[in-house]
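Here's the structure, in structure tokens; my notes come after.
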There are 4 protein chains.
Amino acid sequence: MARPLSEEKREAILEAAAELVATLGTGAPTAKIAQAAGLAEGTLFTYFATKDALLNELFLAIEAELAATMLEGYPAKAAAQARCRHMWDRFIDWAALNPMKHKAMRQLKVSDRISAESKKLGEMLFQEVKALLAQNLAGHAAKENMPDYNGAVLGALADMTLDFIARHPRKREAYKQAGFEAFWKAIAR
Amino acid sequence: MARPLSEEKREAILEAAAELVATLGTGAPTAKIAQAAGLAEGTLFTYFATKDALLNELFLAIEAELAATMLEGYPAKAAAQARCRHMWDRFIDWAALNPMKHKAMRQLKVSDRISAESKKLGEMLFQEVKALLAQNLAGHAAKENMPDYNGAVLGALADMTLDFIARHPRKREAYKQAGFEAFWKAIAR
Amino acid sequence: MARPLSEEKREAILEAAAELVATLGTGAPTAKIAQAAGLAEGTLFTYFATKDALLNELFLAIEAELAATMLEGYPAKAAAQARCRHMWDRFIDWAALNPMKHKAMRQLKVSDRISAESKKLGEMLFQEVKALLAQNLAGHAAKENMPDYNGAVLGALADMTLDFIARHPRKREAYKQAGFEAFWKAIAR
Amino acid sequence: MARPLSEEKREAILEAAAELVATLGTGAPTAKIAQAAGLAEGTLFTYFATKDALLNELFLAIEAELAATMLEGYPAKAAAQARCRHMWDRFIDWAALNPMKHKAMRQLKVSDRISAESKKLGEMLFQEVKALLAQNLAGHAAKENMPDYNGAVLGALADMTLDFIARHPRKREAYKQAGFEAFWKAIAR
DNA sequence: GATGAATGAGAATTCATTCAT
DNA sequence: GATGAATGAATTCTCATTCAT
């Protein structure tokens, strides 16, 4: 094999795409994405067959990153609420640290360029998160047997919380705290 | 600029734009919008100077419609929770009845083609909704003095609820009920 | 109706396309064709939806022109051979006068961008030519009842004759004469 | 430039190119040709400096193959007409057996990517065919001293005959016979 | 010598906007 | 005011060719 496909370049494209999709929406030009990734226009297409393929893979890459981030350092021995709080905090901190990725994700979530299949795959990436959530909410949540529902509540309130943090970055910890409390109450029995 | 002659055509353009933005995102072609409105391509531009102007006005028109809808038939004499529930129900029912408008609104909310000014104007359209909310939450809400926050929680949970309704239309009433309960608990003291 | 589609511009595009397809083959860029027609790049596509549509219409336009040319001034009262000779001469003279169109036609005939339907329509344009040919060859031709065959022989020998004329334009009349004689003998009983 | 190592690969490229040029015209991508030949994209260019070089060599290779084929098994002792008929039959049979090569040849013949020099070289490859033709037509042909002309008539009628055979493969022998007769009469005194 | 990733100049279209009718 | 043809910049994607491995 000649020069192998560089994982580094693939990452650079996804990184650049996240940045530009966050800013310009899914209409972000592939030429700009390639340029931002430090590559020639055409090179992008050796890594992603079409722009839609790129968008879908970007969506999945971000979802995978977020899902993995939420589980990192999971305090298996802590109390149920603390374990939930851990996942919440990691979501918020990740998004605060990667605002472009979070913004791109929100654009992609409402875009029709993300296929039903990608959306389903995206859901599956959060399976473990939702399983842990379900486990921790046993005895607390009103809808114990609907992990999707509780996960969606968490997601909705996290996105909302991040909007407030974006507007008042100084109050990050306060909003983070308030958001989690809202979540914890929202799903309670 | 004097108001153009036919208010009817203006409405038709906004209606068509909502439909197409919902489906195709903000990239929806003006030519298709005009056609869907039953007009010639060029005519659109006698009603809206640019596409961005149309998009911004569409955003405001939908927000205004939603805000007005939430207040319609407001049961001034009912109990506080019932009054909140009224606004919640009207939101959900409006979105279930106008899925395209709701979808368009969600696209527009995350789009950078909506100016900061439009976003601020959009906020202001919900001033009365938020004032009533504040009034009804006095004594119940944890953050009594942050009507924006409570309004945002309502919005986030409503959008989430509508996602579930979209997936399982049959369970509309159950989700509507559950969503409101989640909201009511979320913001509680 | 605003400005109507200009038949003149449509012709200009077809004319320019003939010229460029003759020279560059079906790979001739639409941008160059538009420019040669004195129009903006985009304008071409208001007259022809796609490049393939243009190519197919060009093919049919040239075939129609040739078919019509072969019939012009048809000497209905002359002898059978003279009537055939008339059509032959008009073919050769038209191609000698419109070498680009003839060359374009030859490119298009072997191209897979011309649809089966266009090819069938092209055949039909020569129906009258072939009918007259059949009529004049009655009693002379070996395959009286195969007008397609006799027409194809005429076409093949005409194209070949035009190759010689292209190489030695001075001997045009001699080749024209020789070519017809070859045809007349070829199809004879 | 020394002959590259693998004659086998060179042949494979030419074979693949014939197939793809027949199907896609001269616009056939070199990458697809290489792939069809079982080689990497870049390898093609160690055998042919440029795509035009490949196209020109392909043209000459096919012409050479056809010329050689027409002479194979030449019945030196048969009568003049039978000797001509032999060459005709071998042409038709070769094309019927190698339809892609024949189709590619027709595409290349009308393409401007084939240089004047290649066209001249192509002519020369048929020198012996034409010499034998001239010899056999002595006393029969109207244009005894124009072997190019008689050869061109043969070529034109053969291509036409092959069009009919392509459309009605069952009648191959009948068309082959009829075509030769047409040729024999066409060039007769 | 073989490989295939990298390149960037096109290629065909699309589209917001203008303006002659 | 309404129409839709005209414009040309911008967009996605292709492809011959080069060159690091």
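Here is the naming used below: chain letters follow the sequence lines, and residue numbers restart at 1 for every chain.
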Using a 3.5 Å limit for the pairing distances, which stems of at least 3 consecutive Watson-Crick or G-U wobble pairs does DNA chain E take part in? E:2-21 with F:2-21

Within residues 29-54 of chain A, residues whose heavy atoms come under 4.0 Å of DNA chain F: Pro29(A), Thr30(A), Glu41(A), Gly42(A), Phe45(A), Thr50(A), Lys51(A)

Donor-acceptor pair, side chain of Lys51(C) and main chain of Ala28(C), under 3.5 angstrom: yes

Using modelled atom types and a 3.5 Å cut-off, is there a donor and acceptor pairing between side-chain atoms of Asp112(A) and backbone atoms of Gly25(B)? no

When rounded to the nearest 0.5 Å, the distance separating OG of Ser115(D) from CG of Leu121(D) is 7.5 Å

For Lys9(D) and dG1(E), is the shortest distance between a side-chain N/O and OP1 or OP2 below 4.0 Å? no

5' precedence on DNA chain F between Ala28(A) and Arg113(D) (nearest-nucleotide basis): Ala28(A)

Keeping the roles fixed (side chain from Thr23(A), backbone from Glu19(A)), state whether a donor-acceptor pair exists under 3.5 Å. yes

Do the side chain of Gln107(A) and the main chain of Val110(B) share a donor and acceptor less than 3.5 angstrom apart? yes

Quick one, Glu41(D) and Lys32(D) - any side-chain contact, counting heavy atoms below 4.5 Å? no

Give the rounded distance in Å between these two atoms: CG of Leu24(B) and C1' of dA16(E). 16 Å

How far does CD1 of Ile114(A) sit from CG of Asp52(A), to the nearest 0.5 angstrom? 7.5 Å

Rounded distance in Å - CD1 (Ile13(D)) to C1' (dA2(E)): 11 Å

In whole Å, I'd like the distance from the CG atom of Leu20(A) to the P atom of dT11(F). 11 Å

Protein-nucleotide distance (Glu8(A), atom CD; dA5(E), atom P), rounded to Å: 16 Å

Within-4.5 Å side-chain heavy-atom neighbours: Phe59(D) and Ser111(D): no

